Amino acid sequence: MSLLELNDATIKFGGLTAVNSVSFALKKGDLFGLIGPNGAGKTTCFNIITGVYKPTSGEILFEDRPITGTPPNKIAKLGIARTFQNIRLFKSLSVLENVVVGGFLRHHTGLFSALAYLPPAIAETNRLKEEAMELLRVVDLEHVANVRSADLSYGMQRRLEIARAMATQPKLLLLDEPAAGMNPMEKEELNRMVRKIRDEHNMTVLLIEHDMRFVMSLCERIVVLDHGEEIAQGPPAEIRNDPKVIAAYLGEAV
Ligand SMILES: Nc1ncnc2c1ncn2[C@@H]1O[C@H](COP(=O)(O)OP(=O)(O)OP(=O)(O)O)[C@@H](O)[C@H]1O
């Protein structure tokens, strides 16, 4: 059984076909990469999967059920969470609060009653805070839990976005360029974190990334897009030697 399946997913914006008949499938526990040059259609695929855009044609299945055209909030509840290419944190909230807000998405208590400290919300808020601290440990940010998120380094903000997405307890985590702006040491650390998220938190990961060393060392399968078309799919060893991929994207074998 596939966790996620795209079958001939296509989306057109006016005259531009941003994603053209793309098909791939993730099994539970996969670490799956989506790569390709700028404008290849990678983020648009994320937007189709998460319900931001409805594909012009084709089908998206999650746990074998069609989710094509389902609104983003419902898709989040089904168990798909994402981070964004441009970091979207609540800048004036603390690191811990950012993750707690993520947790509220899957709880009954309204965010308003929680922020207003209404009695039924207090117990739940405390529980969410504990869970959030656990997640901050996973991304190595527990020591800055009370710092304003805007004051974190870029690499730390990226890791915080991952923790916030994890707070919804998704089955599938979509990471849009998680290593962007990180130095080599931070990237190595991120590599270990993503593996841990898969191995210890049982999440399946689909990520977009331009850093080929990072993708090739982390992902077990990779799909390559170019101008909205899928040009290759396979394990890293095959992808890095695929002549079509080298011509379109890599320039030379990596
Ligand atoms: N809402 C939209 N309206 C019109 N065109 C769009 C829209 N969203 C994306 N596109 C176009 O679709 C194409 C694919 O864009 P997309 O952002 O998916 O590429 P990408 O592979 O993620 O690129 P990058 O690596 O630069 O982030 C681009 O030509 C882009 O301009």
Side-chain angles (χ1 to χ4, degrees), residues 4-26 31-60 62 67-73 75-76 80-89 154-155 157-159 161-162 165 172-182 186-187 190-191 194 205-219 221-234 236 239-240 242 244-252 254:
L4 175 78
E5 230 177 291
L6 272 72
N7 293 326
D8 288 324
T10 299
I11 186 161
K12 299 180 186 201
F13 298 112
L16 174 84
T17 306
V19 172
N20 195 0
S21 199
V22 167
S23 301
F24 59 85
L26 274 72
L31 284 178
F32 206 100
L34 185 54
I35 68 170
N38 290 330
K42 305 179 296 294
T43 298
T44 305
C45 279
F46 271 22
N47 285 332
I48 291 174
I49 295 165
T50 53
V52 175
Y53 298 139
K54 185 169 185 237
T56 315
S57 61
E59 190 181 40
I60 320 293
F62 185 63
I67 58 163
T68 323
T70 304
N73 60 331
I75 291 198
I80 302 180
R82 75 183 287 184
T83 66
F84 294 88
Q85 200 173 337
N86 305 313
I87 295 172
R88 296 187 187 178
L89 293 169
Y154 196 69
Q157 290 192 15
R158 287 224 166 270
R159 299 208 309 265
E161 271 222 309
I162 295 175
L172 174 64
L173 190 56
L174 308 182
L175 306 178
D176 199 341
E177 298 197 31
M182 288 189 175
E186 287 177 316
K187 284 180 189 173
L190 179 67
N191 188 314
V194 176
V205 179
L206 172 62
L207 62 90
I208 294 173
E209 191 45 69
H210 281 289
D211 184 316
M212 281 310 106
R213 189 189 288 263
F214 181 84
V215 177
M216 300 280 174
S217 65
L218 177 63
C219 295
R221 283 189 73 77
I222 295 171
V223 169
V224 190
L225 300 183
D226 183 32
H227 292 104
E229 312 261 352
E230 181 186 320
I231 58 167
Q233 188 172 154
I239 295 296
R240 68 161 64 92
D242 186 308
K244 276 192 289 191
V245 179
I246 294 169
Y249 187 40
L250 299 178
E252 55 186 56
V254 289

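For ligands, and for the atoms within them, numbers begin at 1 and follow the listed sequence. Computed from a prediction, not measured in an experiment: that's the story for all the values here.
For ligand 1 and Ala40, the ligand atoms under 4.0 Å from any heavy atom of the residue are 19 (O), 20 (P), 21 (O). Under a 4.0 Å criterion applied to the non-hydrogen atoms of His210, ligand 1 contributes the atoms 25 (O). Taking every heavy atom of Tyr53 and a limit of under 4.0 angstrom, the matching atoms of ligand 1 come to 1 (N), 2 (C), 8 (N). Close approach of ligand 1 to Gln85 (heavy-atom distance below 4.0 Å) involves ligand atoms 27 (O).
Of the N or O atoms in Phe13, none lie within a sub-3.5 Å distance of an N or O in ligand 1. For ligand 1, none of its N or O atoms has an N or O atom of Ala18 under 3.5 Å away.
At a threshold of 4.5 Å between non-hydrogen side-chain atoms, the residues Ile67 and Ile80 count as touching. Side-chain atoms of Cys219 and Ile222, non-hydrogen and from C-beta on, do get closer than 4.5 Å to each other. Ser23 places none of its side-chain heavy atoms less than 4.5 Å from the side chain of Leu6. Leu207 has its side chain out of reach of Leu34: every pair of non-hydrogen atoms, C-beta onward, lies at least 4.5 Å apart.
The aromatic rings of Phe24 and Phe32 sit parallel to each other, their planes meeting at less than 30°, with 60° as the upper class boundary.
Among protein heavy atoms, atom 26 (O) of ligand 1 sits closest to Asn38 OD1, 3.2 Å. Nearest protein heavy-atom contact of atom 17 (O) of ligand 1 is Thr43 CB, 3.9 Å. Shortest contact from atom 16 (P) of ligand 1 to any protein heavy atom: Thr44 OG1, 3.5 Å. Looking at atom 25 (O) of ligand 1, its nearest protein heavy atom turns out to be Lys42 NZ, 2.8 Å. Scanning all protein heavy atoms for the shortest distance to atom 13 (C) of ligand 1 gives Gly39 O, 3.8 Å.
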Subject >> Stepwise side-chain contact (heavy atoms from CB on, under 4.5 Å) check, Ile35 with Ile239 >> reply: CA-CA 10 Å; Ile35 68 170; Ile239 295 296; 4.3 Å; yes

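Heavy atoms of Leu16 found under 4.0 angstrom from ligand 1 belong exclusively to the side chain.
Residue-ligand proximity: Gly36 is placed with every non-hydrogen atom at 4.0 Å or more from ligand 1.
For the side chain to side chain donor-acceptor pair (under 3.5 Å) with Asp176, the lone residue among Asn47, Asn86, Thr43 that qualifies is Thr43.
There is no protein heavy atom less than 4.0 angstrom from atom 31 (O) of ligand 1.
With ring centers used as reference points, Phe46 lies 6.0 Å or more from Phe84.
In His227, the NE2 atom is not crowded: 12 or fewer heavy atoms of neighbouring residues, nucleotides or ligands sit closer than 6.0 Å.
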